[in-house]
There are 2 protein chains.
Amino acid sequence: MAEESKPVYLRLREIIAASILDGNYSDGDLLPSVRALAARQGANPLTVAKAYQCFQDDGLIVVKRGVGMFVADGASRRLRETERRRFLDSVWPPVADQIKRLGISAEDLDLQRV
Amino acid sequence: MAEESKPVYLRLREIIAASILDGNYSDGDLLPSVRALAARQGANPLTVAKAYQCFQDDGLIVVKRGVGMFVADGASRRLRETERRRFLDSVWPPVADQIKRLGISAEDLDLQRV
DNA sequence: ATGGGTGCATCACTGCCATAATACAGCCAT
DNA sequence: ATGGCTGTATTATGGCAGTGATGCACCCAT
């Protein structure tokens, strides 16, 4: 259930999503170039491109060829809703099952921080 | 973050672990044969064997060749401890981060069921 | 117009996963 | 001892995902 070694492009995808959700990049902002992010994260440019591709498919980032990739209008809000739904539908149920199965208490989960 | 399409042998591994944790199979019990479980789960016998192999490596399952595989002594307790540690160390932190990031409330998580 | 920045298409390599067809080795009830 | 159940080793194959190297197409500031 733990995914400590996920594919790089998925890790990058999460990093990008987190950056947008946290407001590091707002609607209309220019995102780091494929090569720049690749260098910073020690990954291959194509792998970064693959990560960006996920968001393009959802219309969350818009590409200006030869210029760069920009955060689409309302991307932050839409991304939050999408991720929220995905979390509640796909991620949380098995996690809750596991918590129940293992008899883990709320204190162990340190719910204060949540 | 959702892992809806994990390798089959890992899914089988979780199914087996859950069965042991839930007490469907207690210490000393005979587990389903490789072929039987394969047929029931619609998988290949070798893939099931690979799943069982994980538990053999940890000494949670003991093999009597020609007879079958049995739940080792204290397997349930040890498995619970191992899984618990793995959950708290590797699974929960990113989940908690995501909950925080997405601003998901305790009610949404339906904590009553946990 | 040209140089340097974009994204992206192509091809190729690698490794893992799953499956399959056998075949073998061990145990046990009959 | 024989048939039928166990797990397992072997070999091979197909598929697919991840990553990588290269080159091209595009745009813009200079």
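Just so it is clear: chains get the letters A, B, ... in the order the sequence lines come, proteins before strands, and each one is counted from 1. These numbers come from a predicted model, not from an experiment.
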Within the sub-3.5 Å range, which N or O atoms of nucleotides 23-29 of chain C have a protein N or O partner, and how far apart are they?
{"from": "C/dG26", "atom 1": "N2", "to": "B/Gly66", "atom 2": "O", "distance (Å)": "3.1"}

Write out a two-atom table: protein N or O, nucleotide N or O from nucleotides 13-19 of chain D, distance below 3.5 Å.
{"from": "D/dG18", "atom 1": "OP2", "to": "A/Tyr9", "atom 2": "OH", "distance (Å)": "3.3"}
{"from": "D/dG18", "atom 1": "OP2", "to": "A/Lys50", "atom 2": "NZ", "distance (Å)": "3.4"}
{"from": "D/dT19", "atom 1": "OP1", "to": "A/Val8", "atom 2": "N", "distance (Å)": "3.1"}

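Summarising the geometry, atom CD1 belonging to A/Ile20 is positioned 12.5 Å from atom CD1 belonging to A/Ile15; distances are rounded to the nearest 0.5 Å. Between the CG atom in B/Asn24 and the CG atom in B/Asp22 there is a gap of 5.5 Å [rounded to 0.5 Å]. For the atom pair CD1 of B/Ile61 and CE of B/Met69, the computed distance is 5.0 Å after rounding to the nearest 0.5 Å. The distance from the CG atom of B/Leu109 to the CD1 atom of B/Ile99 is 4.5 Å, given to the nearest 0.5 Å. For the atom pair CZ of A/Phe70 and OG of A/Ser26, the computed distance is 14.0 Å after rounding to the nearest 0.5 Å.
The distance from atom CG of A/Asp57 to atom P of C/dC8 is 10 Å, rounded to the nearest whole Å. If you measure from atom CZ of B/Phe70 to atom P of D/dC5, you get 17 Å, rounded to the nearest angstrom. B/Ile16 places its CD1 atom 11 Å from the P atom of D/dG7, with the value rounded to the nearest Å. Atom OH of A/Tyr52 and atom C1' of C/dG7 are 11 Å apart (whole Å).
The side chain of B/Gln53 places no N or O atom within less than 4.0 Å of a non-bridging phosphate oxygen (OP1 or OP2) of D/dG7. In this structure, B/Gln56 does not reach the D/dG7 phosphate: none of its side-chain N or O atoms is under 4.0 Å from OP1 or OP2.
A donor-acceptor pair under 3.5 Å is formed between the side chain of B/Arg80 and the backbone N or O of B/Leu21.
Looking at residues two or more places apart in sequence or on another chain, you find no salt bridge (charged side-chain N to carboxylate O under 4.0 Å, His left out) involving A/Asp57.
Ion pair A/Arg78/A/Asp58 not flagged as a salt bridge, since none of the NZ, NE, NH1 or NH2 atoms sits closer than 4.0 Å to an Asp/Glu carboxylate oxygen.
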